[in-house]
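A single structure is presented below for examination.
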Amino acid sequence: MELDNSQKQRSRDWFGKTGKDGFIYRSWIKNQGYPAHQFKGKPVIGICNTWSETTPCNGHFREIAQFVKNGIYEAGGFPLEFPVMSLGETIIRPTAMLYRNLASMSVEESIRGNPFDAVVLLTGCDKTTPSLVMGAASVGLPTIVVPGGPMLNGKFQGRDIGSGTDVWKFADDLRTGKMSEEEFEEAEACMSRSAGHCSTMGTASTMAVMCEALGLTLPGLSAIPAVDSRKKMLAHMSGIRAVEMVKENLTIDKVLTRSAFENAIKVNAAVGGSTNLILHLLAIAKRMDVELNLEDFDDLGSKIPLLVNLMPSGKYLMEDFYYAGGLPVVIKELSELLRKDSISVNGKSIVENSAKARNWNTEVISPIATPLKKEAGITVVKGNLCPDGAVIKISASTDSLLVHKGKAVVFETIEDYHARIDDPNLEIDETSIMVLKNVGPKGYPGMPEVGNMALPKKLIEKGVTDLVRISDGRMSGTAFGTVFLHVSPESAIGGNLALVENGDLIEVDVPNKSLNLAVSDEELKKRKVNWKPLDLGYDRGYAKLYIETVNQAHLGADCDFLVGKSGSEVKRESH
Ligand code: FES
């Protein structure tokens, strides 16, 4: 006889079993002090926790998880919290992006292999969001995201400072003597003064916004600061909602439709979000078998106005954004441009959810009639330097450099750049174009955030604030500049970027979406004959697997064998 469970729940295949298998599944859960009535027949909700002391942005997640549990219990469910690989952007070497796909595997298999009917994903620091969503997408259960929230605004010497964005500025000031070592060190604690992820519209905020725009969170959740009590309340409500989603069979594929992805691209443009969104959204779409390509980001996003005045594109920080009304205000402003045929985790469209939003500070969120910039999304360029595309964030660029011709100053690796950038004899001026090779998915490996190479000290001292920079790497969402990123194919596999030489003329024409090396095809062919890939010395382990299987940036840089879904069914018993 099967144990009680009137609904078709996945967890029934574990806790509802008779005989030896059922005994084992239940007995070892009881050892944690749970009486049978607490989990038998109840929807079992997994709480996927990325808490780790090596991921400081997610350091408050044990507390958040408790509020999610409270909600699950209240709604009649049974929570089981589980850890997955957690990626701390600021600490892990060589770059968190190398491990995004590995973390997504740990999420996918942890969900598939355990008796969950739904999952709550606790996300925060940059890669913890896409890795969790990618893993959950490949399984397909009802899924709700609770973003951990940004830090409070940094405060230093009487002004607000933003995570990342001001680090780049302080580092330049230190190099040029405008800031002392003591002030530099003092700024560390002033910048990161509470729990939470980066306070700018960097990648973590972009990812939280992406989840809300996709419909994966309860409305308004993405901007709430980590330490605000309303974060805990909505974590509690998310727990309740996860249980309801099981009863409604509201699986992730019903939320993550093509319309949802279109909305996420448009919303990202309006908030001035990170270029990293492209890689992560492409990878998530490919896990869902949703048709999405690099050109969609330009077609759908590049004409969207910039509404949110947050660093690095603007002036304010996430805390200000929340007090101004947060993402629902942006969604309401964009409502005419958004798809309304997708549903979010509460069963309504994001537009419906935002109908009553009010803008409390038009300095922080501009009405669509008076945007900060008329067209501000990410532009995709192509040309012989990037036949499969490269991207540039217009809102963070210098307008006068968007059409430009200049001579290449080439750095073969990031170490070469560090060694020579402040060499007084480096031939570089304000018209030059900095080119960095071997920082792509396979070439580093893992596409580090080094594309926004700092300018040479001698140019900063002359008052130069921006140069065109080109690489196959990424840029921190907190960074800024006229920076072309994600060049595909990358230099490590012999893309034309690998063939650029010092002094070559490069032609930038963003309005016409082109990026070209003014070198003949014949000459490039000759150079290719002599080109050799770098020996990275990875001959074992995950990095070897990654290098062998990672897709290029224009495909989302997922490993080829992870694209698509496995589903939630695991037929074989463990005993
Ligand atoms: Fe974690 Fe910026 S370092 S969000």
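The analysis underlying the following values was restricted to heavy atoms, covering all of them including side chains, and did not include hydrogens, waters or symmetry mates. Start at 1 and go down the list; that is how both ligands and their atoms are numbered.
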message = Between the side chains of Lys155 and Asp160, is the shortest nitrogen-to-carboxylate-oxygen separation below 4.0 Å, so that they form an ion pair?
response =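 Yes, charged N to carboxylate O under 4.0 Å.
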message = Can you see whether Phe67 has Lys231 sitting over its ring - NZ or CZ less than 6.0 Å from the centre and within 45° of the normal?
response =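 No, Lys231 and Phe67 do not form such a contact.
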inquiry  = Under the criterion ring pair (Phe, Tyr, Trp, His ring centres under 6.0 Å), I'd like the reasoning laid out for Phe297 against Phe261: C-alpha separation, chi angles, the key distance, then a yes or no.
reply    = CA-CA 10 Å; Phe297 289 82; Phe261 285 95; 9.3 Å; no
key: Any side-chain donor near an acceptor of the partner, Ser199 and Asn153, under 3.5 Å   =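 On atom types as modelled, these side chains do not qualify, holding no pair under 3.5 Å.
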message = Suppose the cut-off is 2.8 Å; which protein N/O/S atoms would you list for atom 2 (Fe) of ligand 1?
response =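 Result, waters dropped: Cys198 SG.
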ask   = Is it the case that Glu412 and Tyr417 place a side-chain donor and acceptor less than 3.5 Å from each other?
value =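 No - no donor-acceptor pair under 3.5 Å links their side chains.
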Closest non-hydrogen atom pair between Leu234 and Pro219, with its separation =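 Looking at all heavy atoms of both residues, the shortest contact is CD1-O, 4.2 Å.
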